[in-house]
Amino acid sequence: MSTEANKDQSKILQWASKDGEFRRQQSTFRDFIEDQENAKFAAEPDRYHLYISWACPWAHRTAIVRALKGLDKWIGLSVVDYLMLDKGWKFSSSEECPGAIPDNINNAQHIRDLYFKANPNYEGRFTVPVLWDKKLNTIVNNESSEIIRMFNTAFNKYLSKEQAELNYYPEHLQKEIDQVNEWVYDTINNGVYKSGFATTQAAYEKNVYPLFESLDRVEKMLEGKKYLVQDTFTEADIRLFTTIVR
């Protein structure tokens with residue numbers, strides 16, 4: 001890697017606060033696709049497009065639910081290059097980067113282009129996933145946990161009976177799923193970032209010990225069974241998997 005590229009990469013990785021702690025930015029776009037004809041973002045075939053990176057566990061979870069629910073017929077997909085430099089995630093051809101899918105909706109060169117198209121005054125980080133509305137030309141949502149909930153139910157009327165009946169957030173398990181998600185998110189999903197991006201020893205130790213304690217907790221929970229919540233495959237498993245597999 002060139003000296004200039006090294007400088008660009010170092011800028012990207014300077015995500016910790018002055019005290020050495022990594023603090024995740026709150027997602028900005030938080031609208032919902034709804035199964036109602038008069039909704040601002042109504043569930044419609046071929047209206048929405050998903051932007052992800054295979055390198056990102058948060059984006060990966062949305063790709064998994066999209067595939068499991070058979071939404072690839074209704075929601076398009078673009079995949080950025082795995083390499084992130086000074087302008088953030090960029091789009092490349094599949095020849096330039098295996099697995100990449102260019103943006104054939106907005107012809108963006110970088111994910112940041114989408115954020116500025118949705119909001120010219122945007123000042124936050126340019127993250128994936130991004131769920132885009134082709135009808136209103138804007139970002140619907142960039143919070144992965146909410147996108148997978150939309151994918152779970154909003155498009156059921158367009159799906160086969162078998163796919164529509166797949167439910168990764170069933171009502172009778174929601175309380176338990178939420179409880180598992182809460183500590184898995186804090187200490188594992190985000191814990192790897194809080195440990196990996198810490199720039200002081202104190203910040204690292206503050207987060208790495210809870211991370212490994214939670215990994216031990218998960219291991220005990222899965223003794224003799226496949227899934228986290230009442231041995232049922234739910235979003236809790238998907239959310240954990242995309243971090244664990246990395």
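- Within the 4.5 Å cutoff, no side-chain heavy atoms of Lys226 are placed close to those of Leu222.
- The closest donor-acceptor contact from the side chain of Ser144 to the backbone of Ala59 lies at 3.5 Å or more, if one exists at all.
- The backbone N or O of Tyr193 lies less than 3.5 Å from no partner atom in the side chain of Ser195, so there is not a single donor-acceptor pair.
- To the nearest 0.5 Å, atom OG1 of residue Thr62 and atom CD1 of residue Ile147 are 5.5 Å apart.
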Kindly indicate, with the supporting measurements, whether the criterion side chain to side chain contact (heavy atoms under 4.5 Å, CB included) is fulfilled by Thr138 and Val140.
CA-CA 6 Å; Thr138 193; Val140 181; 5.6 Å; no
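- At a threshold of 4.5 Å between side-chain heavy atoms, the hydrophobic network of Ile, Leu, Val, Met, Phe, Trp and Tyr places Val245 and Phe212 in two separate groups.
- In this structure, the side chains of Glu146 and Phe32 come closer than 4.5 Å at one or more pairs of heavy atoms.
- Scanning for side-chain contact (heavy atoms from CB on, under 4.5 Å) contacts around Tyr122 gives Gln25, Thr28, Phe29, Tyr115, Phe116, Asn119, Phe126, with sequence neighbours left out.
- Distance CZ/Arg112 to NZ/Lys90: 14.0 Å, rounded to 0.5 Å.
- The backbone N or O of Ser145 lies less than 3.5 Å from a partner atom in the side chain of Glu143, making a donor-acceptor pair.
- Residue pairs meeting the salt bridge (Lys or Arg N to Asp or Glu O under 4.0 Å) criterion with at least one partner in residues 170-191, sequence neighbours excluded, are Arg149-Asp178, Asp186-Lys194.
- Residues Thr199 and Phe197 are not in side-chain contact: their nearest non-hydrogen atoms beyond the backbone lie 4.5 Å or more apart.
- You'll find the side chain of Leu159 reaches within 4.5 Å of the side chain of Leu71, heavy atoms only.
- When all heavy atoms of Ser78 and Phe91 are compared, the closest pair comes out as CB-CE2, 4.0 Å.
- Take Pro210 and apply the side-chain contact (heavy atoms from CB on, under 4.5 Å) test, not counting sequence neighbours, and it matches Thr187.
- Hydrophobic clustering (side-chain heavy atoms under 4.5 Å, transitive across Ile, Leu, Val, Met, Phe, Trp, Tyr) groups Val80 together with Val130.
- The stretch residues 56-76 participates, sequence neighbours left out, in no salt bridge (Lys or Arg N to Asp or Glu O under 4.0 Å) pair at all.
- Identified under the salt bridge (Lys or Arg N to Asp or Glu O under 4.0 Å) test for residues 205-220, with sequence neighbours left out: Glu21-Lys206.
- Note on residues 137-160: pairs passing ring-ring contact (aromatic ring centres under 6.0 Å, His included), not counting sequence neighbours, are Trp74-Tyr158.
- Dense packing is recorded around OH of Tyr169, with more than 12 heavy atoms of other residues, nucleotides or ligands lying under 6.0 Å away.
- A heavy-atom distance below 4.5 Å is found between the side chains of Pro129 and Leu50.
- Here the closest heavy-atom approach between residue Ile33 and residue Met150 is recorded as N-SD, 3.3 Å.
- Atoms CD1 and OG1, on Ile148 and Thr153 in that order, are 11.0 Å from each other to the nearest 0.5 Å.
- The minimum heavy-atom distance between Tyr48 and Ala42, with the atom names listed, is OH-O, 2.7 Å.
- Contact annotation: the side chain of Arg246 never approaches that of Val192 to less than 4.5 Å [non-hydrogen atoms, C-beta and beyond].
- Using a 4.5 Å heavy-atom cutoff, the side chains of Phe241 and Ile244 are not in contact.
- Note on residues 96-111: pairs passing side-chain hydrogen bond (donor to acceptor under 3.5 Å, both in side chains), not counting sequence neighbours, are Tyr51-Asp103, Tyr51-Asn106, Ser93-Glu96, Asn106-Lys117.
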Worked check of side chain to side chain contact (heavy atoms under 4.5 Å, CB included) between Trp183 and Val218:
CA-CA 11 Å; Trp183 62 264; Val218 164; 3.7 Å; yes
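- For the atom pair CG of Asp31 and NZ of Lys40, the computed distance is 5.0 Å after rounding to the nearest 0.5 Å.
- Closest of all the heavy-atom pairs between Lys157 and Ala43 is CE-O, 4.2 Å.
- For Lys161, the side-chain hydrogen bond (donor to acceptor under 3.5 Å, both in side chains) test picks out Glu165, with sequence neighbours left out.
- Distance CG/Leu77 to CD1/Ile75: 10.0 Å, rounded to 0.5 Å.
- Legend: residues meeting side-chain contact (heavy atoms from CB on, under 4.5 Å) with Ser94, ordered by chain and number and at least two apart, are absent.
- Pairing each heavy atom of Ala154 with each of Asp35, the nearest pair is O-CB, 3.7 Å.
- The backbone N or O of Tyr227 sits less than 3.5 Å from a side-chain atom of Asp231, completing a donor-acceptor pair.
- The two residues Leu211 and Ile188 make their nearest non-hydrogen contact at CD1-CA, 3.8 Å.
- Residues forming a side-chain contact (heavy atoms from CB on, under 4.5 Å) with Ala236 (at least two apart in sequence, or on another chain): Ile177, Val180, Asn181, Leu228, Val229, Thr234.
- Within the structure, salt bridge (Lys or Arg N to Asp or Glu O under 4.0 Å) pairs that include any residue of residues 42-60 comprise Glu44-Arg47, Glu44-Lys135, Asp46-Lys134, Arg47-Asp133 (at least two apart or interchain).
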Going through the checks in order, is the side chain to side chain contact (heavy atoms under 4.5 Å, CB included) test met by Trp54 and Val79?
CA-CA 7 Å; Trp54 292 123; Val79 182; 3.3 Å; yes
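- In this structure, the side-chain hydrogen bond (donor to acceptor under 3.5 Å, both in side chains) partners of Asp81, at least two apart in sequence or on a different chain, are Ser92.
- Checked against the 6.0 Å centroid threshold, Phe233 and Tyr168 count as a close aromatic pair.
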Report the C-alpha distance between Ile139 and Leu131 in whole Å, list the side-chain angles of each, state the deciding distance to 0.1 Å, and finish with yes or no for side chain to side chain contact (heavy atoms under 4.5 Å, CB included).
CA-CA 6 Å; Ile139 296 173; Leu131 183 59; 5.9 Å; no
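- A donor-acceptor contact closer than 3.5 angstrom is absent between the side chains of Trp89 and Tyr82.
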